[in-house]
Structure formats: C-alpha cells, structure tokens
*Asks:* 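Mind looking over this structure? Questions follow.
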Amino acid sequence: MVDIDELKKQFLNAEFDSKNFVLDAENLLVVAKTSGETRAQFIDAEHADFQATPAFLCSLASGRHLPIDFPALGGIPMDGGKAVECFAPIRAGQPITGKSHLHDIYDKQGRSGRMIFIVVRMEIVDAQETLLAVSDSRLVIREKPTA
Amino acid sequence: MSIENILDVEFGTELPVFEPDTTLANVGAFARAVGWGGPRFESHEGARKEGFPGALVPGIMGMGFLVSAIHRWAPTGTVEHIDGVFRAPMIADTPAIISAVVTDIDEDEGLVELDMTVKNTKDETRVFGTARLRLPKA
C-alpha cells in the first residue's frame with residue numbers, strides 16, 4: 001500500500017510541467033456558444049472584453065498529469081473533476097504559460113478498496129508572470145490490491 | 001427574474017432550470033475546439049468500442065453549462081470560481097438539466113455562493129459543484 005505522506009513529501013508543490021499557449025479566438029467562440037453562453041464578452045470576438053470562458057481554461061490542463069517519476073498506483077487515473085479560479089481575463093492571442101504542480105494527495109477508503117485522489121494544479125500566468133487563473137484537476141485512482 | 005446587483009439576490013433562490021444543447025454535433029464541436037476531438041466525444045459507436053455507453057459529454061462542457069446558467073440568471077455577474085465533481089458520465093444526445101440554488105450571500109463583498117447540479121431525466125446526478133459569483137453592489 002502506497003504511503004500517502006511519503007508521496008506528499010516527495011511530490012507536492014514541485015513544478016513538473018510548463019506549457020505555453022496562445023488561445024485561438026475561433027475556438028474560444030465555439031466553446032462559449034456550444035456551452036450555451038449568452039454574454040457578449042464570451043460570444044462576440046469584437047467585444048472589447050472578449051475573453052476565454054472558465055470551462056475553456058480547464059481544458060488547458062489536459063496532457064501530462066503526473067510527474068514522470070510518480071509511482072504507478074495500479075489503476076488508470078480517472079478525471080474526478082475540475083475547478084478554476086479566475087483572477088483576470090485571458091484573451092485570444094495573448095501568450096500565456098501553464099505551470100503544473102501537485103497541490104494535494106489524499107485517500108478515501110471505499111467498499112471496493114482505497115481510492116487515491118491527486119489534485120494537479122495549473123497556474124496560468126502571462127508574459128509578466130502575473131497570475132491570471134488557477135485550474136485544478138482531480139485525478140482518482142483505484143489502488144490495485146496487493147496480492 | 002434577471003439579477004442585476006447583489007441586493008436582487010435572495011438566499012435559497014433557485015435559478016431558472018437550463019437545458020443545454022447536448023446533441024452529438026454540439027458536443028463534437030466543443031470537443032474539437034478544446035483539442036479533444038475523437039470517437040469518445042464525437043461518435044456513439046466509437047465511444048462504445050472504448051467501453052462507454054455512448055459518446056460522452058466532456059466534464060468541462062458540463063462546467064460550461066453551469067457557468068452559462070449563471071450568466072443567464074445574472075448577466076452582470078462574474079464567475080470567479082467554479083468547482084465541478086464529475087460523478088458519472090454525461091452522454092451526448094440525452095437531456096441534461098442544470099439547476100442551482102443560492103447558498104450564501106455576502107452583500108458587503110458582492111459575492112454569491114451557489115450549489116449546482118447537472119442531472120439526467122432520471123434525476124441522476126452527473127456533475128455537481130459550487131460556484132462563486134461576484135455581482136455589482138447596489
């Protein structure tokens with residue numbers, strides 16, 4: 001059985017991934033409109049305050065979710081949920097960087113065994129390193145029982 | 001009733017129910033726009049081959065539905081934080097019903113807390129979560 005405290009000591013709060021993005025206006029529009037958005041700053045690319053929806057920001061966190069040396073826990077990580085906190089608008093064409101670290105690791109005992117929850121936090125910053133948004137992805141892994 | 005400022009909000013108010021477009025075409029367009037195009041989100045048959053009951057609605061699209069429901073109710077508000085728990089898959093071409101209730105109000109800060117759910121027509125919860133909305137002070 002994996003020692004959660006040991007995993008925390010080894011992996012929490014260390015940046016393991018950094019990606020650069022430039023958001024495409026057409027993609028922002030499609031995501032907003034297909035989500036049922038009605039506000040002009042999300043569905044009108046000509047609006048002075050045109051910006052990405054919170055849901056779009058969550059999509060940036062796809063790809064590599066765990067540090068390359070993170071131990072295999074036996075199961076395939078499932079997407080248990082996402083959260084996003086917005087501090088400033090993120091615009092189409094604006095260069096941004098997503099920096100990822102493990103924010104929390106905890107477990108819950110279920111009827112079918114232990115589930116391990118890993119919160120991967122992506123901090124989205126602009127070229128001046130101003131924090132624009134924080135996106136959390138909760139990965140859920142059903143631990144493989146020891147033989 | 002459309003909400004314009006924090007004094008318009010009452011504790012326990014239920015937002016108008018919102019039924020978003022979950023058609024396969026709409027879901028596929030969302031998935032492609034976020035770079036997730038492929039059978040899982042664009043084809044019932046392709047998703048079944050991957051072991052799913054049908055083409056999935058991405059969980060983050062469910063979050064998009066939640067934010068849209070808030071904006072329809074409070075057009076002047078800004079969603080500062082949203083947290084969604086993906087409890088069970090949403091399937092394309094099946095209805096999703098978005099509901100929300102006001103659980104806290106901070107009139108001094110202009111903040112509203114909401115509990116939100118996405119359910120199917122069997123009243124089964126697919127996504128639930130919370131949101132924090134900032135509204136203009138009166």
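A, B, ... follow the sequence lines: proteins, then strands. Residue 1 opens every chain. Here the structure is a predicted model, which is why all the values come from computation and not from measurement.
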*Asks:* Just so I understand: if I count every heavy-atom pair under 4.5 Å between each of A:L28, A:L29, A:T34 and chain B, which residue has the most?
*Replies:*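 Ranked by contacts with chain B, first place is A:T34.
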
*Asks:* State, to 0.1 Å, how close A:K82 and A:R138 come at their nearest heavy-atom pair, and which atoms those are.
*Replies:*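 In terms of heavy atoms, the two residues are closest at N-NH2, 3.9 Å.
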
*Asks:* Could you tell me whether A:K99 and A:E123 have a side-chain N and a carboxylate O separated by less than 4.0 Å?
*Replies:* no

*Asks:* Which bit of A:T53 comes within less than 4.5 Å of chain B, counting heavy atoms only: side chain, backbone, both or neither?
*Replies:*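 When you check distances to chain B, no heavy atom of A:T53 falls under 4.5 Å.
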
*Asks:* Quick check on the interface: out of B:R132, B:R32, B:R72, who has the most heavy-atom pairs with chain A under 4.5 Å?
*Replies:* B:R72

*Asks:* Parallel, tilted or perpendicular: which one describes the rings of B:F18 and B:F65, with boundaries at 30° and 60°?
*Replies:* perpendicular

*Asks:* Evaluate the side chain to side chain donor-acceptor pair (under 3.5 Å) criterion for residues A:T97 and A:N20: first the C-alpha distance (whole Å), next the side-chain angles of each, then the deciding distance (0.1 Å), finally the verdict.
*Replies:* CA-CA 4 Å; A:T97 302; A:N20 296 322; 2.9 Å; yes

*Asks:* Are any of the side-chain nitrogens in B:E124 or B:R126 under 4.0 Å away from the carboxylate oxygens of its partner?
*Replies:* yes

*Asks:* Counting only non-hydrogen atoms closer than 4.5 Å, does A:F87 touch chain B with its backbone (N, CA, C, O), its side chain (CB onward), both, or neither?
*Replies:*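 Neither part.
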
*Asks:* At a heavy-atom separation under 4.5 Å, does B:R87 approach chain A through its side chain, its backbone, both, or neither?
*Replies:* neither

*Asks:* Is A:E85 salt-bridged to A:R121, going by a charged N under 4.0 Å from an acidic O?
*Replies:*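 Here A:E85 does not pair with A:R121 in a salt bridge, since their nearest N and O are not under 4.0 Å apart.
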
*Asks:* Among A:V84, A:V30, A:T38, A:V140, which has the most heavy-atom pairs under 4.5 Å with chain B?
*Replies:* A:V84

*Asks:* Do you know which of B:V79, B:L66, B:D21, B:N26 has the most heavy-atom pairs with chain A at a distance under 4.5 angstrom?
*Replies:*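 Highest number of heavy-atom pairs under 4.5 Å: B:N26.
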
